[in-house]
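Each ligand, and each atom within it, is numbered from 1 in the order the structure gives.
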Amino acid sequence: MDAGLKRELEAKVNAGERLSREDGIALYECDDLVWLGKLAHQVRTEKNGDRVMFNVNRHLNLTNVCSASCAYCSFQRKPGEKDAYTMRIHEAVEKAKEMEDEQLTELHIVNGLHPTLPWKYYPKVLRELKGALPGVKLKAFTATEIQWFEKISGLPADEILDELIDAGLESLTGGGAEIFDWEVRQHIVDHATHWEDWSRIHRLAHSKGLRTPSTMLYGHIEEPRHRVDHVMRLRELQDETGGFTVFIPLRYQHDFVDSADGKIRNRLQARTKMASPAESLKTFAVSRLMFDNVPHVKCFWVMHGLSVAQLSLNFGVDDLDGSVVEYKITHDADSYGTPNTMHREDLLNLIWDAGFQPVERNTKYEVVREYDKPTPLAERRAVPQQVWA
Ligand code: SF4
């Protein structure tokens, strides 16, 4: 990128002017990662200071049986496969209860589109979970699952959401978004929920007072222009509803050989590479600059590793997810050593070591607890620093 264009973009960002599609594409073409990071960090600091939010949550996948076969997905199983599973309601509750003494504040629940489970299973499981863990907020179901519930129940999303909210639902999850552009989407997505329905369901959720996350799956067959288009659609919807709390760029994961059965399930494997750390940092930075009306940008460290998660805090990110004790969808596809367990203390040290102030939040981004500011770097140099894998 030439110096003139850099100055032009800096001036726009400094003036708080909204960046255009062309600006977004130009930012992705720029290889000056330090400059991109500086610009994104400026915006992130204006919005969130030196705070890094996190929450202590648990991911729960009630079933991995799915009627769809999305090309990138290594999680789904077909009925009868030997490691297909579906939890009974009491099993889900027992699993959640195991975490009680970790003071979790959120359960994050996503599932396959099970072909025969009745719709009533889902509000029932929420109700039981809420009864067993009343202090824990339930963030559950993608827009894809909500549309699936419409199909299996014959009810409109309006009634589905009302019943789920009555049973304890406090937020949808942001999944099912992948990349909205049809040029790419038709090759990677097998379920029926595309932009029109994904946005319809989130709009409806926002109108009922729920605030929801938004996501983007990147680093597969899409091009930077598709990422820009994706963010611009979400930005427009955010102008309308103001209901998105956060944007989460999710790094597509290669499917290594599944140790359980020796299979490679990801059908994009031969055509793709995973995004490099530099590409991930650029994606965080451009997302922060383009998505000017969303309060937070999150790094889901499970998909990036801890070093990139730390660096991302200087590239527009101000939110780390979370204390994840079990996360199946990524870890079925991950054999390069990302830990699958982080506890509160680990996260605090990770954030302090990166030079930021940790703030624990709940699902609604309300502050649960503010922690100390980090020790200034000059003072910390006397102490050996941890190397984060
Ligand atoms: S991404 Fe979701 S809908 Fe698609 S196959 Fe996997 S579990 Fe099913």
May I ask you to identify, for Cys70, whether its side chain, its backbone, both or neither come under 4.0 Å of ligand 1 on a heavy-atom basis?
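The part of Cys70 near ligand 1 is both the backbone and the side chain.
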
[X] and [Y]: side chain donor to acceptor below 3.5 Å:
| X | Y | value |
| --- | --- | --- |
| His206 | Arg211 | no |
| Gln147 | Thr193 | yes |
| Asn293 | Gln238 | no |

Proximal atoms of ligand 1 relative to Cys66 (non-hydrogen, under 4.0 Å):
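In order of numbering, the contacting atoms are 3 (S), 5 (S), 7 (S), 8 (Fe).
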
Output field: ring centroids Trp198/His202 closer than 6.0 Å:
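Between His202 and Trp198, which both carry aromatic rings, the centre distance is below 6.0 Å.
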
Flag Cys73 as yes if one of its N/O/S atoms falls below 2.8 Å of atom 6 (Fe) of ligand 1, otherwise no.
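Under 2.8 Å: Cys73 contacts atom 6 (Fe) of ligand 1 through an N, O or S atom.
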
